[in-house]
Student: 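This is the structure, below, for whatever I ask next.
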Amino acid sequence: MDFWRNKEIVLVVGGGIAACRTLDLIRRLKELGAGVSVVGTEAATRFVTPLTFQAISGRPFHGDLFDPTLEGGMDHIRLAREAHLVIIAPATADLLAKMAHGLAGDLATAMLLARTGPVLAAPAMNHAMWSHPATQSNVTVLTGRGIQFCGPEAGSLACGEEGVGRLATVETIMEVARRCLEPQPLTGRHFLLTAGPTREELDPVRYLSNHSSGRMGFAIAQAALRAGARVTLVHGPVAIPSPYGAKTIPVTSAREMHAAVMAVWDRDTANDTLDAVVLTAAVADFRPARREAEKIKKSLDSAGHIELQANPDILLELSQRQPTLKNRNIPLVIGFAAETGMALERAREKMSRKPCHMLVINDVSEEGSGFGVATNRVTLLHHTHEVETWPLMTKEEVGKRLVASITSSLSHPFHPVH
Ligand code: PMT
């Protein structure tokens, strides 16, 4: 929550219908404690009046490069220097073309030319304008100069057509904006995560599963993405949105999760592009020995018992595969341990059966910890036998702190845990 407090944002609004949607962006940034100064092009004021921007941002609107009321007439330089981040939304085809060619004929473009800090562009326009080679080449030029892009997204456009050209959602712009400002110690690193439950089908209508919501794993994925990592997220059936920018691989059963994880492990350990594996998924240890093709009929005979069969154990298999990675980068492997009482003792036993670099223990019978809830209280058991107990925190905070701990481990050489 505190991230946006006292952050200074300059929002450059281009002349497109999506200018109306930037009012929600201003509101959201302000709610979270940021200060927002709006710079609008002349065309932007055809869609939203300066008075509206002023009322929503609570600050004067900036639109005139030659405003005689401003002391020294250096508004474009001051705005360019003082902002932590400049967001351009909507970044129209015209604005992108002017930026790519260094034009500075109005306040918005002059300010952008004078800007040396981070700039995020959220384009919005008709799909043909977006895919036009001129626009695409301007985007390539601007990307090469370090401008970050967010969207546009696919969907129905203001012109009534369908295609890629919609302004990204406020949540997405906020998330990418945050990543422009966060330190990026994990740039070039690749994390593989599992999250959520698995479902083991009994018949076409019934399955065995557990209460995992995916929140813990998704929070770690989000934290890794914010720190600059590339993230592959293999997840079971969940009802929460995927973290922006993660490569998601949705699966249903434990065997599908196992196959997806092993495929990424084999491919990316072979070319040394896997740095950390974090297994937060609550994988079903067993599945029904038979999946009936027809719904099992309700009768006393069939209510007897379900024969179970063991599922593959992903963590165990990864721990066994590590010593085969001779002369290669060994990815850091972190498991989770969901316990109900005697947590540390049981986790130590788990660590000896499935050796890994770290086990993150949570007692799922404890209030505010484990399945579904927004918080978690975890204890870290390192393979060196060191134990760290963390207080109750939000899963977002646990994710952030765990990623910081992994980042620090990655900066030291480590070895198979056997
Ligand atoms: O998703 P949430 O609602 O946010 O809840 C989070 C959580 C409680 C699911 C999470 O914090 C957690 O504890 N995940 C691990 C759950 C679990 O299956 O624990 P376990 O002690 O049974 O397994 C130990 C480790 O082996 C885990 O890393 C697990 O992913 C892994 N495992 C287990 C079985 C199996 N067949 N293959 C595995 O890889």
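In what follows, residues are counted from 1 in the order of the sequence shown. Order of appearance sets the numbers: ligands from 1, and atoms from 1 within every ligand.
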Student: Which atoms of ligand 1 have any heavy atom of D285 under 4.0 Å away?
Tutor: 34 (C), 36 (N)
Student: Taking only heavy atoms of G214, which atoms of ligand 1 are found under 4.0 Å from at least one of them?
Tutor: 1 (O), 2 (P), 3 (O)
Student: Output yes when R28 and D24 qualify as a salt bridge under the 4.0 Å nitrogen-oxygen rule, no when they do not.
Tutor: no
Student: Near K350, which atoms of ligand 1 are under 4.0 Å from a heavy atom of that residue?
Tutor: 20 (P), 21 (O), 24 (C)
Student: N/O to N/O below 3.5 Å, does that happen between E339 and ligand 1?
Tutor: no
Student: So that I can tick it off, tell me whether E201 and R291 are bridged by a salt bridge, with the cut-off set at under 4.0 angstrom between side-chain N and carboxylate O.
Tutor: yes
Student: Identify the closest protein heavy atom to atom 27 (C) of ligand 1: which residue and atom is it, and at what distance?
Tutor: F336 O, 2.9 Å
Student: A254 near ligand 1, heavy-atom distance under 4.0 Å?
Tutor: no
Student: With a cut-off of 4.0 Å, which atoms of ligand 1 are near a heavy atom of K395?
Tutor: 2 (P), 3 (O), 4 (O), 5 (O)
Student: List every atom of ligand 1 that sits less than 4.0 Å from any heavy atom of G335, numbering the atoms from 1 in the order shown and giving each element.
Tutor: 28 (O)
Student: Quick check on contacts: which atoms of ligand 1 are under 4.0 angstrom from a heavy atom of T280?
Tutor: 9 (C), 10 (C), 12 (C), 14 (N), 15 (C)
Student: Tell me whether E292 is salt-bridged to R290, with the criterion being a basic N under 4.0 Å from an acidic carboxylate O.
Tutor: yes
Student: Looking at ligand 1, does A281 have a heavy atom less than 4.0 Å from it?
Tutor: yes
Student: As an exercise, identify every atom of ligand 1 less than 4.0 angstrom from a heavy atom of M216.
Tutor: 4 (O), 6 (C), 11 (O)
Student: Does R377 pair with D363 as a salt bridge, N-O distance under 4.0 Å?
Tutor: no
Student: Hey, is N311 one of the residues with a heavy atom under 4.0 angstrom from ligand 1?
Tutor: no
Student: Salt-bridged, E175 to R226, with N to O below 4.0 Å?
Tutor: yes
Student: State the atoms of ligand 1, each with its element, that fall below the 4.0 Å cut-off from a heavy-atom position in I314.
Tutor: 37 (N), 38 (C), 39 (O)
Student: Would P197 count as a contact residue for ligand 1, given that I'm defining contact as a non-hydrogen atom of the residue lying under 4.0 Å from a ligand atom?
Tutor: no
Student: Looking at atom 19 (O) of ligand 1, what's its closest protein heavy atom, distance included?
Tutor: A338 N, 3.4 Å
Student: Report yes or no: does M257 have a heavy atom closer than 4.0 Å to ligand 1?
Tutor: no
Student: Answer yes or no: is there an ion pair linking R27 with E31, defined by an N-O contact shorter than 4.0 Å?
Tutor: no
Student: Looking at R401 and E396, is any side-chain nitrogen of the basic one under 4.0 Å from a carboxylate oxygen of the acidic one?
Tutor: no
Student: At what distance is the nearest protein heavy atom to atom 13 (O) of ligand 1, and which residue and atom is it?
Tutor: N362 ND2, 2.9 Å
Student: Looking at F3, I'd like to know if the NZ or CZ of R178 sits under 6.0 Å from its six-membered ring centre while staying within 45 degrees of the ring's axis.
Tutor: yes
Student: Tell me, which protein residue and heavy-atom name are nearest atom 28 (O) of ligand 1, and how many Å apart are they?
Tutor: L279 O, 2.7 Å
